[in-house]
Amino acid sequence: MASLIITSGTQTGDYYPLGQRTNVIGRAEALPIQVLDDLISRRHMQIRYDKDKKQYFALDMRSKHGVFINAKRIIVETALVDGDEILIGQTTLMFTEKDFNDRESALSHFKKVGERSRPTRL
């Protein structure tokens, strides 16, 4: 199953297994994925799993500041792929199709992905 890893913001390092349920992400206390950021709406976005397509989709829930995937603002429900960077408010999340046993394995994965994406200096 897939996971979200918070890669910037006050909750850097937190990770959330997504499972096959619909996950709502925002500032509200009642949400399973609460992100404390003043620029995030109470119910900012949702990520849902489509069992038929075996894929995850992100949807902006009419938030004030929008949802950006890989630096592009999404207007309609958008398919997620491994390694996508999601920006909501001033917080960045990484979507990965991997599932982790604990926080340390999630952070280790994030660090490896980050190293691969950095350019080599000559």
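Residues: numbered from 1 along the sequence shown.
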Next item on the list: Would you sort out whether D14 and V35 count as a side chain to side chain contact (heavy atoms under 4.5 Å, CB included), showing the intermediate values?
Entry: CA-CA 10 Å; D14 287 359; V35 181; over 6 Å; no
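- Pairs passing the side-chain hydrogen bond (donor to acceptor under 3.5 Å, both in side chains) check and including a residue from residues 63-80, sequence neighbours excluded, read H44-S63, R48-E77, D60-S63, N70-D84.
- Counting only residues at least two apart or in different chains, salt bridge (charged side-chain N to carboxylate O under 4.0 Å, His left out) contacts with residues 28-46 are absent.
- Atoms CD1 and CG, from I47 and L4 in turn, are 4.0 Å apart once rounded to the nearest 0.5 Å.
- Listed by first and then second residue, the ring pair (Phe, Tyr, Trp, His ring centres under 6.0 Å) pairs involving residues 19-38 amount to none (not counting sequence neighbours).
- With hydrophobic clusters built from ILVMFWY side chains whose heavy atoms lie under 4.5 angstrom apart, L39 does not share a cluster with I69.
- Shown here are the side chain to side chain donor-acceptor pair (under 3.5 Å) partners of T10, two or more places apart in sequence or in another chain: there are none.
- Its side chain within the 4.5 Å cluster rule, L87 clusters with F68 among the Ile, Leu, Val, Met, Phe, Trp and Tyr residues.
- In this structure, the side chain to side chain contact (heavy atoms under 4.5 Å, CB included) partners of K53, at least two apart in sequence or on a different chain, are D50, Q55, F57.
- Cluster membership check: L18 does not share its hydrophobic cluster with L59, using side-chain heavy-atom separations under 4.5 Å among Ile, Leu, Val, Met, Phe, Trp and Tyr.
- Under the rule for a side chain to side chain donor-acceptor pair (under 3.5 Å), the partners of S8 that lie at least two apart in sequence or sit in another chain are T92.
- Summarising the hydrophobic clusters (Ile, Leu, Val, Met, Phe, Trp, Tyr; side-chain heavy atoms under 4.5 Å, direct or chained), the residues clustered with L31 are V24, M61.
- In this structure, V67 and M45 approach most closely via the heavy-atom pair CG2-CB, 3.8 Å.
- At distances below 3.5 Å, at least one donor-acceptor pair connects side-chain atoms of Q11 with backbone N or O atoms of Q34.
- Considering CG of D82 and OG1 of T96, their distance stands at 4.0 Å, rounded to 0.5 Å.
- Remark: L93 CG to T7 OG1 distance equals 6.5 Å, nearest 0.5 Å.
- Residues M1 and I86 share a hydrophobic cluster, clusters being chains of Ile/Leu/Val/Met/Phe/Trp/Tyr side chains in contact below 4.5 Å.
- Rounded to the nearest 0.5 angstrom, T91 OG1 and I6 CD1 are separated by 6.5 Å.
- Under the ring-ring contact (aromatic ring centres under 6.0 Å, His included) criterion, Y49 pairs with Y56, sequence neighbours left out.
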